[in-house]
Structures are given as structure tokens and as C-alpha cells.
2 protein chains.
Amino acid sequence: MERSTRQRTAIAQALAAVGQPMLPQELLLEAQKSVPNLSLATVYRNLKGLIEDGVVDVVSLPGEATRYESHRHHHHHHFHCSSCQKVFDIDACPGDLGHLLPPGYVLEEHQLTFYGRCAACTA
Amino acid sequence: MERSTRQRTAIAQALAAVGQPMLPQELLLEAQKSVPNLSLATVYRNLKGLIEDGVVDVVSLPGEATRYESHRHHHHHHFHCSSCQKVFDIDACPGDLGHLLPPGYVLEEHQLTFYGRCAACTA
DNA sequence: GTGGATGCAAACTCTTTGCACCTTG
DNA sequence: CAAGGTGCAAAGAGTTTGCATCCAC
């Protein structure tokens, strides 16, 4: 399957260390602390592999560039801070939402995005 | 402010006629029925103006290219059909969601996206 | 008639891919 | 040592912008 390279390790560890959804560019900078001449193309290639292995999840929020985070076991949502622009995990969910749909629609999944100010920016 | 051109009219009418969120490319094809050599750049430029005027709303769903729809007066959400790939408006909302956030977070807005099969594709 | 709008093509951003070289197993 | 991974640069998709021309007011 996938070989264990310094690059792949650095990328997975950077994501795990930060513990928040990250942009490929941010991830590149973070991972370059261990592998200085890491390239952005390699970040993208490894992310793809890590996602297939279930180690990394894609976080795509409306109107935002795609971010990536270490895989979480629980269903969760995201909060986008309008001040610092960072994205935070929210481990809560309103639950069954199927009743909001018109008759005939079949609900398979849902995604909720919150916008506002994070705790750090509010303080 | 904004001049009333054949292009602008065609774009606004195409959007209103379809009554669903549309991709710029889809909108181009639809509006070209009235203005044959309409260009994609003009579609983008007019969308920007129509949005500023409050006539058109941006619909950006996670992992999807940005769509546009005629302005709706009510807060609403969107349903993305996994079969026909179209996007539908959902005029319902679970309501107050602030209690789902950790202490210190201030909620300003939220966006809910439903995924599944629309009524037409389920039938 | 004049300034804003249009069409075309080039520029930009984000992501992917081709290719020669390097590294893991 | 061979297969797969890497870095760099070029190629793609979606969107924006520069510029000469055109048209609404």
C-alpha cells in the first residue's frame, strides 16, 4: 500500500500535533519543520493516501478552501471563527433532522457549520 | 449604480426562472438563450453586482463549486441530491443551536447542508 | 457623447500531473 | 535492486482582471 517516508510521517504528525483542521499551505509550513524542503505537491499526494487509509479526514466548509484534520471517531461539526479564521471541532449535533425535509426526500447525511467568535477571540 | 443591460437582465431572469441554485456555467447556458454570445466573465461580473444589490444570493456548499440563486427572504438551508447533483432549498431550520457550542463561543450564524436523494430521484 | 459594460484573452489561485531522480523494503 | 515516493515545473479547473470596443442613458 503506502510506504512510510519521512514526508508522510511529518505530514501526519503535523496534523495530529495541531489538532485542528489545517489548510495544505499551513500544513506544509508545519511539516517543513521536520522535512525542510518538503513540497506542496507531496503534501497533497500524501493527504490523498492518508485519507484513503482513514487516518485523515477532509474538512470542506462553505466558501472556504479545503482543510484536513486527523481522523476523529465521532460524528462532529465545525465552527469557523470570523475573527481568527481558524476552524474548530464541535462535538455536538442537533440529532435527527429528517423531519425538516419535504415529503419524498431521503436524508443520508448532514453537515452543520457554525460561524461566530471562538473562545479565545471573545475573551 | 448598475446599468440595465440585456446581459444583466438575461442573467437575473435565468436565475429566477430556474428557481434553484445554479452553477455559473449552467447560468451561462441558460442566459445564452436570450443573449447568444454572452461570456462567462460577464456572468461573473453581473453576479457580483446582483449580489451587492441583494437580488442574488451566494450558495456555497461544502466541497461544491459556488452556486447562485435568486434572493429568498427567509432563512433557509440546502439539500444536495447525491443522485442528480442538484441543490434544493429547504425552508426549515432546527432553530437555536447556540447550546451546542462550548462555553465562550459566540454564535453568529449557522449553515446546514443536507445530503441524500431528492423526491424526484427517490421515486 | 461619455462612462460604464462587454468580450476576449491573459492572469491568478488552488490542486493535480509528468518526469527524472532518490529512497524504502 | 525494483517499485514506489519526491521535487520541480508545467498543466488544469474555476474565477478574476486588463484593455479596446460597444452601448445605455
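Chain A is the first sequence line, chain B the second, and so forth, proteins listed ahead of strands; every chain is numbered from 1. On a predicted model such as this, the values are computed, not experimentally measured, just so you know.
When side chains are defined from C-beta on, A/D89 counts as touching A/H78, because their heavy atoms get closer than 4.5 Å.
Both B/Y68 and B/S4 sit near DNA chain D, but only B/Y68 has its closest nucleotide nearer the 5' end.
Atom P of nucleotide C/dT13 and atom CG of A/L23 are separated by 15 Å, given to the nearest angstrom. Look at OH on A/Y44: it is 16 Å from C1' on D/dG7, rounded to the nearest Å. Between the CZ atom of B/R8 and the P atom of D/dC23 there is a distance of 19 Å, rounded to whole Å. Atom P of nucleotide D/dA13 and atom CG of B/L40 are separated by 14 Å, given to the nearest angstrom. Here the P atom of nucleotide D/dG4 and the CG atom of A/N46 are 15 Å apart, to the nearest Å. Rounded to an integer number of Å, the gap from CD of B/E26 to P of D/dT15 is 11 Å. As a whole-Å value, the separation of A/L50 CG from D/dG5 P is 12 Å. Separating the CZ atom of B/R6 from the C1' atom of C/dG4 is a distance of 15 Å, rounded to the nearest angstrom.
A sub-4.0 Å separation between OP1 or OP2 of C/dC8 and a side-chain N or O of B/N37 is absent. Here A/Q7 reaches the OP1 or OP2 of D/dG7: one of its side-chain N or O atoms lies under 4.0 Å away. Using a 4.0 Å cut-off, no side-chain N or O of A/T66 falls inside it from OP1 or OP2 of C/dC14. Phosphate contact (OP1/OP2 of C/dG7, side-chain N/O of B/T42, threshold under 4.0 Å): present.
For B/R45, whose side chain is taken as the heavy atoms from C-beta onward, the closest listed nucleotide among C/dT17, C/dT6, D/dT16 is C/dT6. Checking D/dT15, D/dG7, C/dT15 against every side-chain atom of B/P24, the shortest atom distance belongs to D/dT15. When distances are taken from the side chain of A/A41 to each of D/dT6, D/dC8, C/dC8, the shortest belongs to D/dC8. Among the nucleotides D/dG7, C/dT23, C/dA5, the one closest to any side-chain atom of B/T5 is C/dA5.
The minimum heavy-atom distance linking B/G116 with B/F79 is given by the pair C-CZ, 3.4 Å. Between B/G104 and A/T122, the shortest heavy-atom distance links the atoms O-OG1, 3.3 Å. The two residues A/V43 and A/I11 come nearest to each other via the heavy atoms CA-CD1, 3.7 Å.
Using cut-offs of 30° and 60° on the angle between ring planes, the pair A/H110 and A/H75 is perpendicular.
Below the 3.5 angstrom threshold, one finds a donor paired with an acceptor across the side chain of A/R3 and the base of D/dA3.
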